[in-house]
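Worksheet: one structure, shown below.
Residue numbers count from 1 along this sequence. Fair warning: this is a prediction, and the values are worked out from it, not measured in the lab.
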Amino acid sequence: MPIRNRQQVLVIAAVAAVALFAGDRLLISPLLKAWSGRTARIAELRKQLTQGNMLLQREQSIRRRWEDMVRNALPNNNSAAEQQVFKAIDAWAQNSGVAIAAITPQWKHDSDDYMTFECRVDAAGDLGRLSRFLHSVERDPMALKLELVELGARDKEGQQLSLGLQLSGLVLTPSEQ
């Protein structure tokens, strides 16, 4: 092959290599990146669609649960809410036979839509009575949540126990429209 033709072939090969490199950088790589981005977006949208369909299927049970929460929430009056919780604690204690040592209430304004009434309850009794007390707390329909449970022995044999509970009650404060 003559030198002139060889130079032309090398120039053509060099231009082709640069064109392929530029094509890869300017066309193929961005298109592949966009394709994988769309694939990820489609997967995320499918996941959201599945979650939305599951929510729609559970709509009735979710609405019933919310209505129960609204119905069993504490009254939107601080003293009435405190009184309701104190009466419930007293009833649980009488039914189970535990001795209430202390009740420490505290209000928290977490949001404009709701408040929480936190209450620390210290009680004493044997294991059977404390378990009945805890069962009563858990089974009560009032919108209370057990945040913390502490159990400790008051004697060497472990017959007398102390119980510390942190309860949190929901008070809905509907915004005025």
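The CG atom of Leu49 lies 13.0 Å from the NZ atom of Lys47; values are rounded to the nearest 0.5 Å. Rounded to the nearest 0.5 Å, atoms CD1 (Ile89) and CG (Leu167) are 5.5 Å apart. If you take CD on Glu82 and CG on Leu74, they are separated by 10.0 Å, rounding to the nearest 0.5 Å. Put simply, CE on Met142 and NZ on Lys87 are 10.5 Å apart, with the number rounded to the nearest 0.5 Å. Summarising the geometry, atom OG1 belonging to Thr104 is positioned 8.5 Å from atom CD belonging to Gln166; distances are rounded to the nearest 0.5 Å. A distance of 14.0 Å separates CZ of Arg120 from OG of Ser168, quoted to the nearest 0.5 Å.
When hydrophobic clusters are built by joining Ile, Leu, Val, Met, Phe, Trp and Tyr residues whose side-chain heavy atoms come closer than 4.5 Å, directly or via intermediates, Trp92 is not grouped with Leu148. Side-chain heavy atoms closer than 4.5 Å link hydrophobic residues (I, L, V, M, F, W, Y) into clusters, and following such links, possibly through other members, connects Val149 to Leu127. Cluster membership for Met69 and Val85, using ILVMFWY side-chain heavy atoms within less than 4.5 angstrom, is not shared.
In this structure, His135 and Val137 have side chains that are not in contact, with every pair of non-hydrogen atoms separated by 4.5 Å or more. When side chains are defined from C-beta on, Val171 does not count as touching Thr116, because their heavy atoms never get closer than 4.5 Å. Side-chain contact check for Asn76 versus Met115: some heavy-atom pair is nearer than 4.5 Å. Contact check for Glu150 versus Leu163: no side-chain heavy atoms found under the 4.5 Å cut-off. Annotation: side chain of Leu170 is not in contact with side chain of Asn72 (no heavy-atom distance under 4.5 Å). Considering only heavy atoms from C-beta on, Phe133 comes within 4.5 Å of Ile100 through its side chain.
For Ala143 against Ala73, the heavy-atom pair with the smallest separation is CB-CA, 3.7 Å. Taking both residues in full, the closest heavy atoms of Pro75 and Ala81 are given as O-CB, 3.7 Å, listed atom of the first, atom of the second, then distance. Across Leu130 and Gly125, no two heavy atoms sit closer than the pair CD1-O, 3.7 Å.
With a 4.5 Å cut-off between side-chain heavy atoms of Ile, Leu, Val, Met, Phe, Trp and Tyr, the cluster of Leu56 takes in none. Grouped with Val18 in a hydrophobic cluster is no other residue, since no side-chain heavy-atom contact under 4.5 Å to another Ile, Leu, Val, Met, Phe, Trp or Tyr is found.
Note on Arg63 versus Glu67: no salt bridge recorded, every NZ/NE/NH1/NH2 to OD/OE distance being 4.0 Å or above.
Side-chain atoms of Trp107 and Glu118 include no donor-acceptor pair closer than 3.5 Å.
A distance-only check finds a donor-acceptor pair linking the side chain of Thr173 to the backbone of Asp112 [under 3.5 Å]. The backbone N or O of Ser136 lies less than 3.5 Å from no partner atom in the side chain of Asp140, so there is not a single donor-acceptor pair.
In terms of the side chain to side chain donor-acceptor pair (under 3.5 Å) criterion, Thr39 has no residue partners (sequence neighbours excluded). Residues passing the side-chain contact (heavy atoms from CB on, under 4.5 Å) test with Ser111, sequence neighbours excluded: Asp113, Tyr114. Partners of Asp126 according to the side-chain contact (heavy atoms from CB on, under 4.5 Å) rule, which considers only residues two or more places apart in sequence or in another chain, are Arg129.
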Test log, rule side-chain contact (heavy atoms from CB on, under 4.5 Å), inputs Val70 and Leu172: CA-CA 7 Å; Val70 169; Leu172 298 175; 3.6 Å; yes
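Within the structure, side chain to side chain donor-acceptor pair (under 3.5 Å) contacts touching residues 10-36 (residues at least two apart or in different chains) do not occur.
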